[in-house]
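Below is one structure, written out as C-alpha cells; the observations come after it.
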Amino acid sequence: MTNQYIAKIFKELAQLLEIKGENPYKIRAYQNAARVIESLPFSIETMVKEGKDLTKLPAIGEQIAKKIIEIVTTGRLQKLEQLKAEFPKGILSLLSIEGLGAKHIRTLYETLHFQTIDELEKLAKEHKIRNIKGFGPKLEEKIANGIRLYKQEGIRFLYSEAEPHAKELHQFLLKAPTIITVVIAGSFRRCKESVGDLDIVAAASQPDKVIDYFTKFIQVAHIVSKGDTRSTVVLNNGLQVDLRVVKESQFGAALHYFTGSKAHVVAIRKMAQEAGFKINEYGLFRGDSIIASENEAEIYNALGMDYIPPQLREDRGEIAVASKRNLPQLLSLESIRGDMHLYSNYSYGSSSIKELATAAMAKGYSYIAICDHFGSLDLEKIEGYLEEIEALNRIFTDFKIFKGVEVDILEDGSLALSDEILRSFDIVYIAVNSSFKLSKDAQTKRLLRALENPYIHAIAHLTSRLLHERPPIELDYLTLFDKILERKVLLEINSQPNRLDISDILTKEAKFKGIKFLINSAAASVEELNYMHYGVCQARRGWLEQEDVLNCLEYNALLTTLP
DNA sequence: GCCGTTTTCGGCCCGACTGTTTTCAGTCG
C-alpha cells in the first residue's frame, strides 16, 4: 500500500467534509496530513507494521494516526465510505469545475437532490439552477460546461511540455507596455516534474496596461478572469496561465508568494507572524512599517534565514535548515563535467558514438559514457562497439569516452549478460526494464540479488516510472538504500523529461543516507544531450550538492572515485 | 483535527476577482 493511496483517502475525506460544511480547520488538518504522508520518503505502511508511533510525524495526531492504522490494516476507511454514501457518486469531480466550490455544491445538492452528475448536467441545461439563491446564469453555464469538460480528460503538463509556452510568454510579456520585470513563478520555477498551470509575476509602472496586453496573447482560448492587477487565461492547448502584476518595489514579495509552494508560503507566513511580522504579497511588515519587499533575499534575510532556492520550497524541512543558516549549496548545470549515460545507434539511439562525443565536447564536457542497452544476443555487436570506442579514445585529446552498458535485471534478479562480458566495460548500469508489477517484496529481492553482482557500478532509472504513463515499481527503499550504500553502487538521476527517475523525495532520502549519484541525460540523440538541465533541476529539488554527484568531478578524480 | 521556549485551550495565512448582490460570500491561488 503506497503513501499516495493513503494520502488520497485523506484528500477525499477533506473534500467530502468540505461539501458537508464541516469545521474548516478540521478539513485543513486532513489536507495537511495528506500532504505530509504524500511526501514521506519511507513507507507509512511499514511504519504501521513495525508499530512505530505515527503521531511523531508532523500534522499527524491521535485521530489521524488511528485512521491511518485502519487504512493499512483494512485497506479502507469506514468514515470515508459512510460519507461517500451520503452523496451522489462522482460529486467530487464537481470540485474540479473552475469557480465552483464546496459551498455551492452543497447548496446544489440540498436544493436539487440530484442523484448523478449527468442529472445535474441536465438540470443545468434546463436552466433549473440560475434561480437558486447565490447562483445565476453565469454559474449555471459554468456547471454545464464544466461537467462536459470533465467527461473529457483532465490535463496536466510535463515540465518539458510547459517549458516552450513559458519561454514564449516570457518573451511576449517583456514587450508589454511599461513592463520592468517578468518571471515565470509557481511550480514551473520550482521545477516540478509536471505543472498544472503557469504562474507569472511581473513588475510594471502601469499594471492594467500589462494585463490588457496579456489577454491579447495570440494563443489565448478564453479569459477566465481579468482585473487591474491580475488575470487568468486558458491557452488553446488547455494550459492555464495566471498573471499577477505589481509595482517594482513589491516585486520580491509577489514573486515569493507566487512561487509557492503553498505549503512553504503558509509555513513562512506563520513563522513571520509568530516573530511579530505580517507578510503578504506586497511585503514583510512590522506594524505599518515595511521591512522588505523588493527582492526575495531581503525577505528571507529579514526573517533570519538563508535565501531558499525555489526548488527547495516545499515545506520539507528547508525552513528549519535555512533558519540555522545551513542550507545545502545546490549544484547547477555548470557543475556537470560529463554525461555518463548515452545511447548510440548501436542500440536505440539515433546518433553515432562519434557524433555524441563531438556534441558533448562542444558543450564543454570532458568525458561521456556510451552505455547502450545490450542483451545476450548482442555479443558480436558488443565487440565492434568496444573497438570503436577505443579507437575514438586514441584520437581524442583531453576528452574520454567510457565504455558502458545498460544490462537488464531479469525477474529473478540475475543479469541479462554474463560476468565475463560485464568485466569488459568501464561502467555497468543495471536496470529494471520488464516485470514492473511484481510485489514489493519480490521486487526488492530482485534488486537486492542484482546488487550482489561485483561488476556493476550504478542503477539506471531505479523506479522505471514513466510520468503520466506508468507508476514506479514498488520497492522497500530503506532496505534497498542500505544495500546500495554497502555495495557503494551509484544511483542515476535520469533526465529524460518523462522519467526524472529517481524522484526528488527519494533523491533527498538517498543523499542523507550517504549514497552518491550520477546525473545523466540518457540521451538517444545529439539533441537530447540538452535534457541534462531537467535532471539537474530534479537533483536540486532533492537537495543535492556538487559533492553528491560524481559527474561533477573532472575525469581523473572520477576515475579514482568510480566504484 | 493539530499544535504549543508565552499556551493542554484557543488559535489556525492573506488578498484579488467574480458573480451574486446592494455590501458580500465564495472561490482561487
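Only a predicted model underlies this, so the values are computations on that prediction, with no experimental measurement involved. Note on naming: letters A, B, ... go to the chains in the order of the sequence lines (proteins, then strands), and numbering restarts at 1 for each one.
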Self-check item: CD1 on A:Ile211 to CD on A:Gln206, rounded to 0.5 Å
Solution: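 Taking CD in A:Gln206 and CD1 in A:Ile211, the distance rounds to 13.0 Å.
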Quiz item: Who is the Watson-Crick or G-U wobble partner of B:dT8, with both distances under 3.5 Å?
Solution: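 Partner of B:dT8: none found under 3.5 Å.
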Quiz prompt | Carboxylate-amine/guanidinium contact A:Glu110 A:Lys133, below 4.0 Å | solution = no
If you look at every strand shown and take non-hydrogen atoms under 4.0 Å, does [X] touch a base, only sugar-phosphate, or nothing?
X       : answer
A:Leu13 : nothing
A:Asn23 : base
A:Ala33 : nothing
A:Ile27 : nothing

Options [options], nucleotide nearest the side-chain atoms of [X]:
X        : options                : result
A:Lys262 : B:dC13, B:dG26, B:dC17 : B:dC13
A:Thr229 : B:dC12, B:dC17, B:dG15 : B:dC17
A:Pro137 : B:dT20, B:dT27, B:dC28 : B:dT20
A:Tyr282 : B:dG1, B:dA16, B:dT18  : B:dA16

Quiz item: Counting distance only, does the side-chain N/O of A:Gln538 pair as donor-acceptor with the main-chain N or O of A:Ile502 below 3.5 Å?
Solution: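 Yes, because the side chain of A:Gln538 sits within donor-acceptor range (under 3.5 Å) of the backbone of A:Ile502.
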Quiz item: A:Glu140 and A:Lys128: side-chain contact (heavy atoms from CB on, under 4.5 Å), yes or no, with the steps?
Solution: CA-CA 8 Å; A:Glu140 184 179 73; A:Lys128 298 277 171 59; 5.6 Å; no
Exercise. Report yes or no: is the cationic atom of A:Arg286 (NZ for Lys, CZ for Arg) under 6.0 Å from the centre of the six-membered ring of A:Phe277, at an angle within 45° of the ring normal?
Key: yes
Quiz item: Can you find a donor-acceptor pair, distance only, under 3.5 Å between A:Tyr257 side chain and B:dG15 base?
Solution: no
Quick check on the 6.0 Å ring-centre criterion: do [X] and [Y] meet it?
X        : Y        : value
A:Tyr213 : A:Phe172 : yes
A:Tyr109 : A:Phe114 : yes
A:His256 : A:His264 : yes

Quiz item: Nearest-Å distance, CZ (A:Arg106) to P (B:dT27)?
Solution: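 Value for this atom pair: 12 Å.
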Practice problem: Would you kindly give the CD-to-P distance between A:Glu22 and B:dC12, to the nearest whole Å? | Solution: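 Distance, rounded to whole Å: 19 Å.
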Quiz item: Heavy-atom contacts under 4.0 Å between residues 198-222 of chain A and DNA chain B, which residues?
Solution: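 Hits under 4.0 Å, by residue number: A:Asp199.
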Quiz item: Under 4.0 Å between a side-chain N or O of A:Arg28 and OP1 or OP2 of B:dC13?
Solution: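 The answer is yes; a side-chain N or O of A:Arg28 sits under 4.0 Å from OP1 or OP2.
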Quiz item: Side-chain N or O of A:Gln240 less than 4.0 angstrom from OP1 or OP2 on B:dG29?
Solution: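 Answer yes for this pair, as a side-chain N or O of A:Gln240 is under 4.0 Å from OP1 or OP2.
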Could you go over nucleotides 5-7 of chain B and give all protein N or O partners under 3.5 Å, atom names and distances?
none

Show me the donor-acceptor pairs, under 3.5 Å and distance only, between side chains in residues 40-51 of chain A and residues at least two apart or in other chains.
residue: A:Ser43; atom: OG; partner: A:Glu45; partner atom: N; Å: 3.2
residue: A:Ser43; atom: OG; partner: A:Thr46; partner atom: N; Å: 3.0
residue: A:Ser43; atom: OG; partner: A:Thr46; partner atom: OG1; Å: 3.0
residue: A:Ser43; atom: OG; partner: A:Lys440; partner atom: NZ; Å: 3.4
residue: A:Glu45; atom: OE1; partner: A:Met1; partner atom: N; Å: 2.9
residue: A:Glu45; atom: OE2; partner: A:Lys49; partner atom: NZ; Å: 2.9
residue: A:Glu50; atom: OE1; partner: A:Lys52; partner atom: NZ; Å: 2.8

Quiz prompt | Nearest-nucleotide comparison on DNA chain B, the residue closer to the 5′ end among A:Pro58 and A:Lys142 | solution = A:Pro58
